[in-house]
There are 2 protein chains.
Amino acid sequence: MDDPLIRFPGYALRRAANATAAELAARLAPLELRQSDASLLMLIAVNPGVTASAVGRSLDIQRANMVPLLKRLEDAGLIEREAIDGKSQGLSLTPEGLRRLDAARREIEAFEAELLERVPEEHRRHLLPALNAIWR
Amino acid sequence: MDDPLIRFPGYALRRAANATAAELAARLAPLELRQSDASLLMLIAVNPGVTASAVGRSLDIQRANMVPLLKRLEDAGLIEREAIDGKSQGLSLTPEGLRRLDAARREIEAFEAELLERVPEEHRRHLLPALNAIWR
DNA sequence: TCACCTTTGTTATCGGCAATAGCAATTCGA
DNA sequence: TCGAATTGCTATTGCCGATAACAAAGGTGA
């Protein structure tokens with residue numbers, strides 16, 4: 001059937017994001033991690049002691065939505081929280097969190113490589129800068 | 001803070017899609033349309049009499065999820081359903097649906113133009129083909 | 001120092017989108 | 001014609017994100 005939508009970059013963006021989200025989710029599912037979990041672990045790993053709200057700001061996750069996320073990661077024994085002052089809490093990975101992140105990183109690298117392979121060579125180097133220009 | 005994620009096309013894809021989805025939603029909200037509504041109307045407009053499941057296949061919306069979507073559009077007086085045979089139903093726009101679609105189309109065109117303007121000229125023409133290669 | 005504004009973490013709730021499982025009715029095809 | 005596939009549907013679930021409101025703590029300027 002005739003599809004007038006395929007000429008819209010915005011539509012293509014939505015479809016591409018949906019498709020890849022499903023694939024990444026499938027890759028991370030065996031590790032019992034969701035995409036947001038993985039990004040959180042990555043960010044905490046390179047910024048140990050970072051505050052919850054700072055991570056949220058960087059990932060554009062609102063404070064309110066960070067709560068269940070962090071709780072799950074903590075319950076799973078992947079992160080630790082330590083009071084910085086009476087108000088803020090510093091986040092860090094547990095050894096198990098680090099192990100899980102290593103596994104996740106392998107999946108993510110494979111996923112990203114596969115994603116890039118799908119786009120024709122002539123367009124490949126333009127993808128990241130174009131996407132970043134849209135939201136950064 | 002240090003962000004190791006920005007080098008991942010998959011992450012950029014997710015962020016870009018989220019950002020633009022919010023913008024488009026804001027543009028369509030005054031028309032009381034959601035993104036999925038608008039794409040549905042567009043598809044029905046150029047394929048009058050098309051079947052519900054065919055639209056769903058084209059947009060990758062499962063049959064089960066089409067039901068509330070179509071019901072809302074019908075309740076709003078934007079589409080009509082007509083039995084084709086005992087099993088399928090043909091979809092078409094009402095006059096009001098056509099008017100609403102015209103308004104939506106203006107918003108969408110403006111949104112898409114604005115989106116494209118954001119990406120630097122050298123990358124611009126690569127965006128659509130690159131995205132389509134990812135999901136098509 | 002004190003009053004005020006901001007930040008942080010939290011609860012509770014909602015909306016949009018997509019997925020799964022299962023069902024009844026109908027149509028299609030070998 | 002009979003089994004398989006298709007269609008529309010109900011019900012439920014999960015993920016992600018948004019909003020509103022709150023208490024407690026920190027930061028700041030007069």
Side-chain angles (χ1 to χ4, degrees), chain A residues 10-11 13-29 32-40 49-75 79-91 135, chain B residues 1 10-11 13-29 31-40 49-75 79-91 135:
Chain A
Y11 178 72
L13 186 55
R14 188 152 67 98
R15 293 296 299 265
N18 282 355
T20 56
E23 290 168 31
L24 181 55
R27 277 181 179 275
L28 292 180
E32 292 184 279
L33 289 178
R34 306 192 295 216
Q35 310 94 302
S36 39
D37 296 338
S39 25
L40 231 73
V50 73
T51 206
S53 59
V55 173
R57 265 191 304 275
S58 181
L59 295 175
D60 247 310
I61 300 177
Q62 315 217 358
R63 285 196 318 280
N65 296 327
M66 290 287 294
V67 178
L69 237 156
L70 291 175
K71 175 157 178 23
R72 242 179 345 94
L73 289 177
E74 191 179 31
D75 289 350
I79 64 169
E80 271 172 350
R81 313 194 221 194
E82 183 187 10
I84 291 179
D85 52 29
K87 195 169 63 163
S88 305
Q89 52 189 222
L91 305 175
W135 71 270
Chain B
M1 62 172 291
Y11 177 72
L13 188 53
R14 188 153 66 99
R15 294 297 299 264
N18 282 355
T20 57
E23 291 168 31
L24 181 55
R27 277 180 179 275
L28 292 179
L31 302 174
E32 293 184 275
L33 289 177
R34 307 191 295 217
Q35 310 94 301
S36 38
D37 295 339
S39 26
L40 230 72
V50 73
T51 206
S53 59
V55 173
R57 265 191 303 275
S58 181
L59 295 175
D60 247 312
I61 300 177
Q62 314 216 358
R63 285 196 319 278
N65 295 328
M66 289 288 293
V67 177
L69 238 155
L70 291 175
K71 174 159 179 20
R72 241 176 349 91
L73 289 177
E74 190 179 32
D75 288 350
I79 64 169
E80 273 173 350
R81 314 195 221 193
E82 182 187 12
I84 291 179
D85 52 31
K87 196 170 63 165
S88 306
Q89 53 190 218
L91 305 175
W135 72 272

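Predicted model, so just to flag it, every value in this text is computed and none were measured. In what follows, chains are A, B, ... by sequence order, proteins preceding strands, each numbered from 1. Just so it is clear, the values below take in all heavy atoms, side chains as well, and ignore hydrogens, waters and symmetry mates.
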Worksheet item: Do A:I61 and A:L40 touch side chain to side chain, with heavy atoms closer than 4.5 Å?
Response: yes
Does [X] place a side-chain N or O at less than 4.0 Å from the phosphate oxygens OP1/OP2 of [N]?
X	N	answer
A:N18	C:dA18	yes
B:Q35	C:dG16	no
A:Q89	C:dT8	no

Item to complete: Output yes when a side-chain donor or acceptor of A:D37 lies under 3.5 Å from a complementary backbone atom of A:R34, and no otherwise.
Response: yes
Item to complete: Please answer whether the main-chain N or O of B:D85 pairs with a side-chain N or O of B:S88 as donor and acceptor at a distance below 3.5 Å.
Response: no
What is the distance, rounded to the nearest whole Å, between atom [atom1] of [X] and atom [atom2] of [N]?
X	N	atom1	atom2	value
B:E23	C:dG16	CD	C1'	17 Å
A:R14	C:dG16	CZ	P	14 Å
A:I79	C:dG9	CD1	P	11 Å
B:L69	C:dG15	CG	P	16 Å
B:D85	D:dG8	CG	P	9 Å
A:K71	C:dT8	NZ	P	22 Å
B:E74	D:dG8	CD	P	13 Å
A:L91	C:dG9	CG	P	8 Å

Worksheet item: What distance do A:R63 atom CZ and A:R57 atom CZ have between them, rounded to the nearest 0.5 Å?
Response: 9.0 Å
Worksheet entry | Closest-nucleotide 5' rank along DNA chain C - winner of A:T51 and A:A22 | A:T51
Worksheet item: What do you reckon, is CD of B:E23 surrounded by more than 12 foreign heavy atoms closer than 6.0 Å?
Response: yes
Of the listed nucleotides ([options]), which one gets closest to any side-chain atom of [X]?
X	options	value
A:S53	C:dG9, D:dG8, C:dA18	C:dG9
A:Q62	D:dA18, C:dA18, D:dC9	D:dA18
B:R63	D:dA18, D:dC9, C:dC17	D:dC9
B:V67	D:dC16, D:dT10, C:dT11	D:dT10
B:K87	D:dA5, C:dC17, D:dT19	D:dA5
A:A64	C:dG9, C:dT11, C:dA18	C:dT11

Practice prompt. Looking only at non-hydrogen atoms, find the nearest pair between A:M66 and A:G56 and report the distance.
Written response: SD-CA, 3.8 Å
Discussion item. What's A:R57 touching, base or sugar-phosphate or nothing? Going by heavy atoms closer than 4.0 Å.
Written reply: sugar-phosphate
Discussion item. Closest-nucleotide mapping onto DNA chain D: is B:R81 or A:G86 further toward the 5' terminus? I mean the 5' end.
Written reply: B:R81
Discussion item. Is it the case that the base of D:dA18 and the side chain of A:N65 share a donor-acceptor contact (distance under 3.5 Å, atom types as modelled)?
Written reply: yes
